[in-house]
Structure formats: structure tokens, C-alpha cells
Amino acid sequence: MSLLEARGIEKGFGGNPVLRGIDFSVRAGEIVGLLGENGAGKSTLMNILSGNLQPDRGTIAIAGREASLGSAAAGQALGIRFIHQELSLLPSLTVAENISVGRLPRGRLGLVDRGRMRRNARAALDTIGAMGIDPKRLAGSLRLGEQQLVEIARAVSHQPRLLIMDEPTSSLTAHEVDGFFAFVRRLAAQGTAIIFITHRLEEALSLCHRLVVLRNGALVADRPAEGTDRQTLIADMTGRASLFTYQPHADAPGERLLEVEAAGDGSDLAGIDLDLRSGEVVGLFGLVGAGRTELLELIFGARRLRTGRIEIGGRPARFASPADAVRRGLALVPEGRKVQGILPQHDIARNVAIANLGAFGRFGFVSSRRERAAADRYRQALGIRMTGPRQAITALSGGNQQKVLIGRALATGPRLLLLDEPTHGVDIGAKSDIYEIIRAEARSGRGILVASSETEEILTLCDRVAVMSKGRLVDMLDRGSMSEARMVELAFTGH
Amino acid sequence: MRRAHLRFLDVREASVALMLVAVAVYLSFASDYFLAPRNLLNVGRQASVVGMVALGQALVIIARGIDLSVGSVIGLSAVAGAIVARETGIDGLSLPVAAIVGLACGLFNGLLYTKLRINPFIATLGTLSIARGIALLLTGGLPVPLAGPAEFLGAGRLGGIPVSLIIMLVLAAVFVVIAGSTRFGREVFAIGDNPKASRLAGIPLDWVRLRVFAISGMLAGFGGIILAGNLASADPNLGLGYELDVIAAVILGGTSLSGGRGSIPGVILGAVLMALLNNAFVLLGISAYWQVVTKGVVIILAVGLDSIRRDKSADD
Amino acid sequence: MRRAHLRFLDVREASVALMLVAVAVYLSFASDYFLAPRNLLNVGRQASVVGMVALGQALVIIARGIDLSVGSVIGLSAVAGAIVARETGIDGLSLPVAAIVGLACGLFNGLLYTKLRINPFIATLGTLSIARGIALLLTGGLPVPLAGPAEFLGAGRLGGIPVSLIIMLVLAAVFVVIAGSTRFGREVFAIGDNPKASRLAGIPLDWVRLRVFAISGMLAGFGGIILAGNLASADPNLGLGYELDVIAAVILGGTSLSGGRGSIPGVILGAVLMALLNNAFVLLGISAYWQVVTKGVVIILAVGLDSIRRDKSADD
Amino acid sequence: PAHAQTAAPEGGTVAAVANPDKKEVRIAFLSFQNNPFWMPVTEGAKAANDYLKPLGGTVDFVDLGNELSAEAVVSGIEGALAKQYDGIVVVPIFDGTARIINEAVDSGVPVISIVAEGAAPSKRVTFIGQNARAAGEQIGRFLVDKMGGKGTLGVITGYFGATQHNERMNGALDFIKANAPDIKILGPFENKDKAESAYSIVQDMQTANPDLSMVYVTAGGPFGAAKAVKDLGLTGKVGVVGFDHTPENMGYLKSGEMVGLLDQAPRQQALDASVMMFNLLVADQQPSAAVIPVEGKLLTPADAK
Ligand SMILES: Nc1ncnc2c1ncn2[C@@H]1O[C@H](COP(=O)(O)OP(=O)(O)OP(=O)(O)O)[C@@H](O)[C@H]1O
Ligand SMILES: Nc1ncnc2c1ncn2[C@@H]1O[C@H](COP(=O)(O)OP(=O)(O)OP(=O)(O)O)[C@@H](O)[C@H]1O
Ligand SMILES: [Mg+2]
Ligand SMILES: [Mg+2]
């Protein structure tokens with residue numbers, strides 16, 4: 001019998017249908033992979049199954065009995081835990097407190113029993129393979145990936161019957177992913193049902209028992225993982241068979257755009273040498289914590305250059321702030337779109353236009369019409385799934401928000417485009433679109449620097465790759481010597 | 001049609017507008033004098049200085065700041081303007097001097113925030129005290145008489161309409177444009193919405209913030225000399241406690257204290273509502289103690305009216 | 001060693017503590033009387049009511065709220081306590097009555113916020129007016145004499161130490177425990193940090209918020225009767241303008257207006273710094289208007305001192 | 001005779017003229033309400049209304065609220081003009097009120113000021129009240145006398161820069177400096193009209209100056225100073241001098257911490273001003289002078305017994 005069975009789920013937002021009659025079930029001990037393009041409705045469906053949202057139509061049965069999930073709390077009471085796509089830790093509380101929050105253990109005098117709380121946290125962290133995280137640390141001081149692990153630990157510590165994870169691995173290192181997968185398998189073996197949303201097809205294929213694909217709000221495929229291959233899944237998701245593959249560019253790279261020499265920020269980064277020509281796509285690969293984000297920030301003026309020098313287009317560049325960098329023709333798509341990317345109270349058009357307002361009017365004025373036109377342009381070019389330029393950006397799915405941010409960077413017409421994990425949370429179809437865009441931009445003469453944790457992405461996209469480890473640039477590989485094995489090996493230099 | 005209707009009710013200033021209409025309708029029945037053009041214009045004039053200063057404050061609050069110093073800046077600028085006019089004998093100097101002093105105070109606030117990274121609440125609380133102290137030192141505590149153009153702006157009328165009301169309306173129109181259709185305005189909203197993202201998008205945070213505080217200061221300086229002009233006297237205690245009125249007007253008008261959202265017409269409606277209340281008390285002869293109670297109730301209702309239909313969990 | 005050292009300088013209240021020490025050291029050289037135990041105890045007493053009320057305010061601010069009504073609640077509670085004591089002839093009633101009236105005001109604020117979703121700034125601004133109005137109506141504007149236990153708490157001494165100082169210190173200790181080691185306290189921090197995430201984690205937001213405002217109200221009520229007891233008279237205007245002092249003490253002490261961060265010892269240091277300043281003015285006989293200027297400068301320095309070494313881009 | 005005099009009302013010194021034509025006269029009486037000082041003012045206005053009612057005059061008391069400011073006075077007068085009153089009695093207090101008073105007078109509505117007015121001249125018909133400077137001087141004389149020309153005097157003022165508080169303070173201090181240079185003066189310190197601040201300031205002054213012998217509070221909250229003296233156990237050694245016969249103050253006058261209290265006869269001011277306005281409107285009877293000083297009564301403990 002199914003642990004959870006949903007029938008005929010329909011849901012719309014403001015008249016736009018998002019889910020169209022979904023039947024979905026999951027059994028105890030089963031790992032179900034949920035796949036689909038950005039905006040296909042995955043998160044929405046899970047929000048409904050966990051009680052966060054109410055369906056317009058349809059029923060949900062838990063262990064054979066019809067349940068009405070009026071709120072997240074109701075779902076939690078029935079043993080359903082949902083780890084959201086967007087992180088929701090409390091940065092000024094400790095890791096231990098974050099894991100227990102909502103039911104902090106009470107000891108003598110009704111005070112919080114810190115010892116017990118820490119032991120619980122330790123146990124939960126160990127279970128999921130995160131031995132390295134100290135429960136006493138403040139959650140705000142953790143890396144993104146570590147924060148994600150803490151969230152998982154929190155959900156697990158509730159010993160849920162059904163655990164739903166929305167892209168849990170998107171900011172984990174390969175190493176962390178391995179530990180995490182081992183844990184997921186153990187958990188399933190103990191009888192917990194697991195729903196796992198991901199855009200990484202290999203992960204889905206290797207971990208899950210069953211794969212469910214949503215497209216445009218409808219369930220289009222439900223098949224056992226055994227015997228399914230990548231190509232089938234891609235076809236299910238996109239309706240297209242072939243996707244982007246690396247195409248070496250014909251012309252030789254152009255003039256030198258960026259030159260970094262012995263650069264450092266006085267703390268983590270030191271002695272970075274790097275150069276980039278127009279028309280080139282250069283990758284930055286490394287383990288989490290290798291300093292890729294820092295390097296991009298250094299080039300972009302968001303971090304102060306303490307040693308060495310940086311030249312842009314042959315002229316020295318010592319930016320005091322990102323504003324200077326933007327003026328000199330740089331643009332950055334940051335990692336962590338919620339915190340550093342979107343303007344949540346602004347509509348899509350304004351989110352697109354904000355980095356280059358000068359281009360949308362004259363004499364300090366801004367034309368809303370031109371902003372909207374730009375949003376429509378990028379909607380076309382990037383395939384953003386949205387109802388219109390005035391739609392709130394927070395109403396978009398995560399991947400579509402990412403596309404808006406890429407649109408924002410492109411709207412500045414940069415000579416040098418810095419991308420930090422540009423396809424984080426982006427579906428495979430859109431990923432392919434984004435790769436096309438990046439290549440096209442390179443062909444038109446821009447230089448592009450892409451930090452990525454996915455070897456596949458680097459191999460698909462880049463002409464060269466710089467591998468970083470512990471704040472140093474270890475080596476630069478060109479197309480001929482680029483391979484997954486070599487990159488990973490270099491990334492572990494000094495570890 | 002249905003959409004347009006919803007839209008109207010959804011605008012941020014709907015609630016205060018509703019309250020304003022309610023009070024006005026009530027007054028037009030309760031007092032024969034309320035609808036007299038003269039009285040309505042008085043209300044407009046009484047709202048004008050708070051409204052003007054609240055425009056600058058609104059920008060500050062939208063950018064996630066707060067400017068507690070406006071009341072004292074009103075006093076200091078008025079006094080400085082009046083003293084310079086008296087010493088030089090050139091009455092016309094009072095206006096530019098007041099605006100410049102206000103601007104200087106605003107820049108001081110802005111620099112404390114952007115350079116020394118002092119939280120705006122504390123920085124402007126400090127300035128509140130310092131500016132008031134300087135006003136007292138400059139005057140020795142004595143009011144300075146004031147005449148000339150300042151008096152015209154503060155007390156004059158053009159075709160029966162108070163000049164200060166006209167100024168406020170013109171400024172409000174300018175601010176609607178600034179907030180909605182200029183690069184600077186967009187950047188103010190963006191910074192208030194998400195400072196981190198704004199910085200990475202290439203917005204010069206500190207430069208925008210500095211200008212925001214400078215504008216608030218300058219408007220307070222300008223408002224100060226108009227207020228003093230109205231009274232034909234610049235008192236070092238002028239504007240004492242104004243900050244709460246000004247901030248209340250901004251927030252009544254639907255601007256969010258947590259930044260990124262706000263409405264310029266709402267600010268003016270907020271200022272007018274406060275002036276209307278005071279007018280009502282005088283017209284209806286409400287006793288002082290009940291005035292105090294009523295004011296509190298109306299403030300709560302003005303914002304609470306629409307919350308009854310709003311979604312409960314919306315703003316967690 | 002290096003870490004421990006850094007840690008000390010990194011604590012949120014370091015800046016105000018530094019300023020406090022600086023002022024104290026200066027005073028101990030500049031005035032022969034400053035270090036006299038009696039004077040130090042006086043400073044403690046003078047800080048006690050602001051400190052007490054600031055404890056509640058700190059919780060409110062940590063939970064991302066603000067309570068502007070405390071000044072008026074001080075007045076209303078004191079007056080209500082004194083009237084009940086007078087009418088019943090039972091002096092002892094003044095304390096519980098004041099605390100209950102304060103609690104009721106706090107609950108009113110809390111309900112406006114949690115049930116009607118009125119933004120705390122506006123809700124408590126409304127209550128500020130309403131509570132003051134009711135205090136004036138209850139008394140007809142006349143102070144009510146007060147004696148008995150309230151006077152002991154307000155003006156009495158135990159072994160030479162002002163009772164109100166002892167009360168403040170005990171309350172501060174209790175609040176350190178509440179904030180750091182109770183479920184409620186941690187939930188207050190969690191809510192201020194990220195309300196949405198807290199809700200998803202199963203924290204009953206509204207219930208926590210209601211209690212936070214109730215506590216703030218009750219402390220204001222308690223502070224009010226102590227203040228009135230000190231004067232042996234409950235004036236309906238008691239506590240006028242206190243809100244700014246109280247909020248300033250909280251923020252000086254390192255609590256962030258944007259919620260989620262704060263320090264209880266810092267709050268007390270903030271309150272003491274403000275009392276110390278007033279004490280310094282009198283001890284040193286600083287000339288009138290310079291007092292006002294100095295106050296502003298010290299407030300800015302108290303927060304600005306440490307910002308010079310802080311990383312510039314840190315808090316964008 | 002056409003102008004037959006009735007008797008002056010109780011507590012007042014001016015009698016109303018007869019109003020044979022039964023001319024209806026509406027007077028707006030604008031005043032604040034934030035502490036006990038204003039109660040006798042209000043009562044005076046009410047008493048004037050009762051007294052003038054049979055004669056055809058109404059006095060409407062209009063509350064300007066509990067926050068004293070020039071703007072409040074200005075909007076009050078604007079409101080009264082909008083309501084077309086025949087005459088206005090007002091407590092202008094601030095300098096900035098002259099312009100609107102002139103505007104009222106120019107539009108044919110006479111204005112009488114009471115209690116306190118700004119230094120800037122206006123076209124008001126008359127001002128009834130205590131000259132703050134003279135009152136300060138009266139207190140200064142009393143202090144010099146009481147202190148025997150020596151000792152230490154602490155000064156607490158309401159708001160720095162408030163005209164009336166300044167005048168009262170300087171009136172006293174100038175007299176003392178001129179006539180008793182041996183008196184050491186501490187302050188002024190600002191208490192923002194708050195008793196609790198006065199309490200703390202006295203505590204601190206006494207700490208730094210054990211020889212403190214007298215405290216002068218120019219505005220609100222003198223009883224806080226008296227309470228501090230009492231709590232310090234210095235009753236009889238340190239005296240407090242201040243204004244207004246409020247019950248609180250009278251209590252400390254009786255118990256000895258307060259040694260002098262100057263009254264402004266506020267009820268009489270209110271009453272007389274209203275009746276004068278009536279006379280002016282009905283019979284065009286001009287007041288006796290442009291300024292009618294009210295001599296304050298300086299109460300001492302002997303009077304409180
Ligand atoms: N609160 C909302 N209001 C309006 N539209 C919404 C809201 N939430 C989601 N949507 C819309 O519903 C659709 C499905 O969104 P959902 O977040 O479920 O997608 P997803 O499959 O999880 O995508 P991703 O892979 O990018 O996370 C999208 O088109 C999105 O714009
Ligand atoms: N919040 C933090 N507190 C302490 N150290 C940090 C923090 N964030 C990053 N670091 C350190 O900074 C260095 C670089 O971290 P970062 O994660 O940004 O690198 P990265 O290569 O961009 O990795 P990724 O982008 O994949 O997360 C590492 O040494 C890391 O430990
Ligand atoms: Mg999603
Ligand atoms: Mg990174």
C-alpha cells in the first residue's frame with residue numbers, strides 16, 4: 001500500500017494552471033525522483049503534498065486514509081517533512097538550535113537542555129554524513145553546502161515517514177554528495193519514503209527507484225529507474241531529443257580582455273594568474289571552498305585586491321566597488337540568487353533592468369516601457385516561463401529566477417561576463433539554452449568566466465579551465481588536456 | 001473591470017485614503033465650517049511642512065534607513081537662515097542658507113552611515129541632539145525674527161491658495177517622478193529591497209544612500225524655513241518632536257519600515273490625515289484628553305482598516 | 001589567544017562598553033565626586049527604570065518589532081495603580097494594578113499586531129496616544145499622590161543600595177536567562193532572524209509575538225509605578241518621550257533594529273551610559289547648550305567607535 | 001444709563017457692560033491642556049461663559065491639545081477664524097504667533113492674549129499676564145533674601161530655548177548676579193518639565209556640591225526636586241523655589257522642602273480676558289492698557305499652614 005497517494009491534484013495561481021490533474025504516489029522505503037523543467041510544477045506539487053499549499057482540486061490519502069493537510073504543521077504532524085529549495089536556516093542561531101528549533105528540549109527549570117540539544121544535533125549530523133559540522137557554530141557562518149546539510153539534518157531528526165527534498169544536492173560537493181546518498185539509501189532501507197527533486201540526471205538515475213517526470217504541470221512519465229537512460233529522461237522532460245554539445249569556435253580568440261597577475265585578497269586568495277581573451281569561455285573548477293567565488297568577487301571589485309594586479313582590456317583595474325566594475329564593462333551573475341540576486345519586491349522587468357538603468361532612458365530618467373520591452377526580449381531569448389514583465393519575480397520558479405538574473409547581466413552588454421554557478425537549480429532544457437546563450441555571447445566577442453562545480457558543465461561549455469584549490473590557482477587546462485579525471489585530481493591538490 | 005477594481009484596493013495607500021475620506025465625510029456633516037474653502041486650504045497649509053519633510057523621509061525609509069534628526073534640522077536650519085538674514089540684512093538669504101544647512105546636516109548623517117557605518121537610527125539620533133544644541137548655541141536660546149521671502153513662502157497666498165501648500169504639491173509631483181521614473185529612484189527602491197543584490201548589480205550603494213540622506217536633510221531645512229516664515233520667527237526649538245509626525249505620515253501612507261516599498265502620494269495623504277485630525281479637534285471642540293485618545297484610534301484604524309481583508313500569513 | 005582576544009572585541013556590546021569606560025575614566029579624573037559610592041549608586045538608580053523597560057523593548061526589537069508605546073504605558077499604569085490604591089485605601093494594590101494595566105496595554109499592542117496585522121510601529125504609535133489620553137482622562141490631568149510599597153521600590157534603599165537598582169539587576173539576570181536559555185527566548189531570536197523559516201520550523205509566531213509585547217507592556221507598567229513611587233506621585237504625563245531613550249539604550253547596547261540579534265547586558269550598558277551622561281553634565285557643570293551637543297556626540301561615538309575597524313562592505 | 005455695570009464675577013476683577021440690544025457675541029477661548037496649571041485657566045473660561053451667558057455672550061473653550069507649540073496656536077486661530085468667532089482669547093506663548101494674531105485682527109476679529117506671549121509685537125488688543133522676566137526678578141529677590149546673599153543655588157529649567165522659561169530664569173539670575181555676587185550658581189540643567197529629571201538633577205547637584213542650599217525650578221516638575229530634598233534628608237537645609245499652586249507643590253510647601261511658590265493667578269486672567277473681550281465686542285470698551293500685568297502671589301510655608 002502507498003504511504004501517500006495523491007489523486008487528481010490541480011492548482012493554479014491567479015488563473016494560470018500550474019498543476020493539471022496529477023496522480024502521484026509513494027510507498028514506504030521507496031526513493032522517487034521527481035524531474036522536470038523549471039516551472040514544471042515540482043515544488044508546487046511538493047508544497048501541496050506537505051500541506052504548505054492547498055490544492056484547488058484533488059485528494060490526498062496518507063496510509064490509505066484521506067487526509068486534509070491544512071498547513072505545514074498538519075503535514076509535519078503526519079510525519080511529512082519538506083526541505084525547501086530555498087534555504088531557510090536561522091543564521092543567528094547555532095547549528096544545534098537550528099536542528100531543534102520548534103521543539104527545543106527542555107531540561108531542569110524549564111530551561112533549554114543544551115547538552116541534549118547538542119547530542120541530538122551531533123547524532124543527526126552524523127547520520128547524514130556531515131561529521132565535519134560543529135553543532136556549536138552559528139548557522140550564518142556556514143557555507144551554503146553546509147547549511148544545506150544542516151537543513152537535511154533537521155528534517156531527519158524528526159524521523160519522518162516521508163521526506164521530501166527539493167534539490168538538496170545543488171550546493172554539495174561531490175564528496176558530500178556521496179556521503180549524503182549513502183545516508184538516503186540507509187534511510188529508505190529503514191522504511192522512510194523519499195521524494196527527491198533534482199536537475200542532475202545522473203544522480204536521479206543512480207539513487208532513485210522510480211522516476212516521475214512533470215512537464216508543464218502534467219505528469220508525463222512514471223518509470224522505474226532500472227532500464228531508463230538519460231536520453232529517455234531528457235525527451236520526457238523537454239520533448240526534445242538533442243541538447244547542447246560543445247562546439248569549438250572557428251575563429252582564434254581575440255584581444256586580451258582580462259589579465260590577473262599574482263592577485264590576492266590578503267586572506268584566502270593568493271598568487272592567482274589568469275588571462276582571458278574575447279570570444280573565450282574559461283571555466284573555474286574546484287571543490288567547494290576552493291575560492292572560486294572569492295576570485296570572481298575580486299575581479300568584480302566586490303572584494304578588495306590586496307596583492308598583485310588586474311588588468312581589464314589592457315588597462316589596470318583596481319575597482320573600489322562593483323559599480324566601478326560594471327562601468328568598465330563587467331557583469332556578475334552571483335551564486336545564491338535569493339540572497340545576492342533577486343530584488344524580491346520588484347517585478348521581473350525591474351529586476352532585469354536594474355543593473356543598467358542608464359540604457360533604459362535618458363538624462364537620469366528611466367522608461368518603464370523600455371524596461372518591459374527588455375524583459376520581453378529576454379523572456380524570448382532565455383525562454384523564461386512567466387506571465388508578463390510585471391509579474392512578481394518571487395512568483396517564478398527558481399530556475400526561471402536564475403534566467404532573469406542572467407538577463408540582468410546580459411542587459412548591461414558586458415565585455416566580460418562572470419558567472420558563478422550559472423545553472424544552479426536550472427533544468428536540463430534551460431541549461432542547454434543557457435549554454436547556447438553563453439556560447440553565442442562568446443562568439444559575439446565577450447569574454448566569459450564561469451565558476452562551476454559540475455565537471456560536465458565545464459566540459460560542455462569551456463575552451464579552457466582553471467582549477468583552483470585552497471585559494472590558489474593550481475593549473476590551467478586547455479581543451480586538449482581537459483578531462484573529468486584530471487580536473488578532479490587537480491582540485492584535490494593540497495588536500 | 002474586475003482586475004482594475006482589485007488593483008485599486010490593492011494599492012498601498014488605499015487604507016489611509018479610505019480613512020481620510022471617512023474623516024472628511026464625517027466632518028462635513030459634523031461641522032458647518034469644514035467644507036468652507038478657507039478651512040480646506042488651512043488644512044492643506046497645516047499639512048504642508050510635515051508633508052514636505054516626509055517626502056525626503058520616505059526616500060530614506062524606502063532605502064532601509066531612518067532619519068530621526070529632521071525635527072532638529074528644521075530648528076537649526078531656520079535659525080541659521082534667520083541669523084544670516086539678520087546679520088547681512090538680506091532677507092532673501094534665509095532660504096538658501098536654510099536649505100544648505102539642512103543639506104549639510106543630511107550629508108553629515110549620510111557620511112556617518114556610509115563612511116563610519118553607524119546605524120542610521122543612532123547616527124540620526126546623535127544628529128538630533130547635536131543640531132538642536134547648535135541651534136541653541138547660535139541663538140542663545142532666543143527666537144530670531146524673520147521676514148521677507150521666507151514669510152511669503154510660509155504665510156503668503158497666491159490666488160487664495162497658501163504658497164506652502166503649492167510648494168508641497170509641486171514637490172510631491174517631483175518626487176513621484178523621482179521615485180517612479182528616474183534612475184536614482186529605482187536605485188533607492190532596489191537598495192531597500194535587497195542591498196546585497198543591489199551592490200552586485202553595480203549600484204553604488206553608498207553614493208545613493210548619501211544622496212538620500214542629503215535630500216532628507218535639505219527638505220527638512222527648507223521645511224524649517226517655511227515653518228519659521230509662517231511664524232515670522234525662527235525659534236531654536238522649532239520642529240521639536242516633528243520626527244515622529246513625519247515618520248508616522250510616511251508609514252501611514254503605506255511605506256514599509258523594512259525598506260523597498262513605498263508610495264509618494266501615500267506620504268502626502270498621511271500628512272493630510274494628521275493635519276485633518278488637528279483641524280477636526282479645533283472645529284468640533286473636542287477636549288484635549290479625548291483628542292489624544294482619538295488620534296491614537298484614528299492612526300490604528302487608518303492602517304488597520306484594510307488589514308481585515310488581507311491574508312493573515314502573508315507578511316510573515 | 002588571538003581568537004579569544006578577537007572574540008572580546010567582536011561582542012556586540014563592546015563598543016558601548018568601551019565608551020562607558022572612557023566616560024567613566026574621564027569623569028573619575030575630572031570630578032572628585034564621581035567615584036564616591038553614593039554617586040555611583042545614584043547613577044545606577046537613574047538608569048534603573050530606563051534599563052528595566054529597555055529589557056522588554058529589547059525582546060520586542062529582537063523579534064523584529066518595536067514598541068513606541070512604553071512611555072505612555074508608564075504614565076497610564078502609574079496613574080491607574082495610584083488611583084486604585086487611593087480609592088481602596090490599600091497602598092499595596094498599586095504595584096499589581098500597574099503591572100496588570102501594563103500587561104493589558106502590551107496585549108493590546110500584541111493583538112493589534114498578530115490579529116489585525118497592523119505594523120508594530122503604527123500599532124504602538126496608536127497605543128502611545130490612546131494610553132496617554134486615558135491617563136489624562138482618568139486623572140483630569142492632576143497627579144495622584146502615591147505611597148506605600150511603590151515608594152519603597154522607587155525611592156527606598158537596602159543596605160544603601162537603591163531598591164530600584166537591585167530590581168533592575170535582578171530583572172537583567174532573569175532576562176539573560178530568558179534570552180539565552182529558554183525555548184521562548186530562542187524562539188524570539190529565531191523569529192527576528194527569519195520569520196518565514198521560523199514558521200516552517202513550527203514556531204507559533206503569533207503566540208511568541210504576543211508574549212513579547214505583553215512582557216514589554218508589563219515591564220513598562222512596572223517601571224511606571226517605580227518611577228511614580230520615586231516621586232511619590234503618579235503624573236499622567238509621566239514617561240513622556242521615554243520611548244526614544246529606551247530604544248536608544250537598546251540599540252546602543254548592540255541590538256539590531258532589523259531583528260534577530262541583540263544582547264541583554266548591552267541593553268543595561270546602554271541605559272547606564274545615558275544615565276552617566278546626565279550625571280556627568282551635573283557633576284562637571286557643563287554649560288547648558290553644550291550638554292545637548294555633547295549628548296549627541298557621545299551617542300554617535302558609542303556606536304561609531306568600533307565601526308572604524310569593522311570591514312566596510314561587511315553589512316551591505 | 002446705557003452702560004449699567006453688573007458686578008464682577010467671583011474671582012475676576014472686570015465687570016461686564018450691559019448689552020441692551022441683546023447682541024449675540026461668540027468668543028473663542030484657545031488654551032492648552034497638559035498639566036494642572038491649565039485647570040484654573042479652563043475653569044476661568046467656563047466661569048466666564050456662565051457669567052456672560054445671560055448677557056448674550058458665549059465663551060467656547062477650544063482645546064489646543066497637550067503639546068505646546070506655535071503651530072498648534074496658529075492652527076487653533078485659523079480654525080477659530082474659519083468658525084467665524086467674533087473675538088479670540090488665546091494663550092500664544094510663542095514668538096511665532098504674532099503673524100496669525102495680526103491676521104485675525106486685520107480681518108476684524110480682535111484678540112486678547114493671556115498667560116504668556118512671544119517677544120515679537122502683535123496687534124492683540126491687550127495682554128493680561130505675568131511678565132515672565134519680572135516674575136523671575138521677583139523670585140531672584142526672594143532668593144537673595146532667603147539665602148542671605150550667599151550659598152549655592154542650583155537652577156533647573158524646563159526646555160532650553162523656551163522663551164518663558166528663559167525669561168524666568170534670566171530675570172532671577174540677572175538680579176542675583178547684580179545684587180548678590182557671592183551666590184554660586186549651578187547650571188542651568190534641562191529637565192524637560194519632568195519631575196523625575198528634576199529629582200535626579202538635584203541628587204547629582206547635591207553630590208557634587210554638598211553646600212547646596214537652594215534650588216530654583218523655572219517650569220514643570222518642581223515637586224520632583226522637593227521630593228529629592230526630602231529623600232536626601234535635607235528638609236530645612238535645602239529649599240526649592242518654583243511656580244504654580246498645584247496640589248503637589250502645595251504639599252511640599254507645607255512639609256517644608258519647598259520654600260517659595262509664585263502663582264500666576266491663571267483663573268483670574270482667563271476670566272478677566274473673556275469679560276474684557278465681551279465688553280470690547282458689545283460696547284467697544286477698550287481695555288485699560290496694552291499690557292495688564294498680573295502680580296504673582298509668592299506663597300511661603302507660612303501661607304500653606
Ligand atoms: N506563489 C506563486 N504565485 C504565482 N505563480 C506561482 C507561485 N508559485 C509558483 N508559481 C508558478 O507555478 C509554476 C510552477 O512553479 P514551481 O516552483 O512548482 O516549479 P518547479 O518545477 O519547482 O521549478 P524549478 O525547477 O525551477 O524549481 C511556475 O510557472 C511558477 O511561476
Ligand atoms: N561563511 C564562511 N565562514 C568562514 N569561512 C568561509 C565562509 N564562506 C567561505 N569560507 C571560506 O572561504 C573560502 C572559499 O569559499 P567559497 O565556498 O566561497 O569558495 P568557492 O570555491 O566559490 O566554492 P562554492 O562557490 O562552490 O561554494 C574557503 O576557505 C571557505 O572555507
Ligand atoms: Mg522548484
Ligand atoms: Mg562559490
Side-chain angles (χ1 to χ4, degrees), chain B residues 64 66 68 72 112 115-123 125-137 140-141 195-196 198-199 205 236 241 244 247-248 251-252 256-258 287-304 307-308 310 312-316, chain C residues 64 66 68 72 112 115-123 125-137 140-141 191 195-196 198-199 205 236 241 244 247-248 251-252 256-258 288-304 307-308 310 312-316:
Chain B
R64 277 206 197 177
I66 192 156
L68 295 177
S72 295
L112 286 178
K115 292 297 158 209
L116 296 187
R117 303 273 142 200
I118 298 177
N119 134 2
F121 188 95
I122 291 290
L125 187 67
T127 305
L128 177 153
S129 212
I130 295 175
R132 183 68 66 201
I134 295 177
L136 288 164
L137 284 170
K196 263 196 192 118
S198 301
R199 193 168 83 99
L205 292 202
L244 267 190
I247 297 173
I251 297 185
L252 278 177
S256 153
L257 257 187
S258 48
S287 90
Y289 305 156
W290 280 109
Q291 290 179 22
V292 183
V293 174
T294 312
K295 199 165 178 175
V297 172
V298 172
I299 287 177
I300 290 178
L301 285 182
V303 168
S307 62
I308 291 149
R310 242 189 292 138
K312 275 195 57 165
S313 58
D315 46 358
D316 287 338
Chain C
R64 276 205 199 176
I66 191 155
L68 294 177
S72 297
L112 287 177
K115 293 295 159 211
L116 296 188
R117 303 274 141 198
I118 299 177
N119 140 354
F121 189 95
I122 291 290
L125 187 66
T127 305
L128 177 153
S129 215
I130 296 175
R132 183 67 68 201
I134 295 178
L136 288 163
L137 286 171
I191 287 185
K196 246 197 205 117
S198 301
R199 193 161 59 91
L205 291 204
L244 266 190
I247 297 173
I251 297 184
L252 278 178
S256 152
L257 259 185
S258 47
Y289 305 151
W290 282 109
Q291 295 171 21
V292 185
V293 175
T294 311
K295 193 162 180 177
V297 172
V298 171
I299 287 178
I300 289 178
L301 285 183
V303 168
S307 62
I308 291 148
R310 241 189 293 137
K312 275 194 54 167
S313 57
D315 47 359
D316 285 336

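All chains are named by letter (A, B, ...) in the order of the sequence lines, taking the proteins before the strands, and each is independently numbered beginning at 1.
- With hydrogens and angles disregarded, a donor-acceptor distance shorter than 3.5 Å links the side chain of Arg132(B) to the backbone of Pro236(B).
- Summarising the geometry of Ser198(B) relative to Leu205(B), their closest heavy-atom pair is CB-CD2, 4.0 Å, with the distance given to 0.1 Å.
- When each of Gly140(C), Ser72(C), Ala135(C) is checked for heavy-atom pairs under 4.5 Å with chain B, Gly140(C) comes out on top.
- Side-chain contact between Ile247(B) and Leu68(B) is present, with heavy atoms from C-beta onward closer than 4.5 Å.
- For the options Ile251(C), Thr127(C), Ile66(C), heavy-atom pairs under 4.5 Å to chain B are most numerous at Ile251(C).
- Heavy atoms closer than 4.5 Å to chain C are found in the side chain of Leu112(B), but not in its backbone.
- Here the shortest heavy-atom pairing between Ser129(C) and Val292(B) reads OG-O, 2.8 Å.
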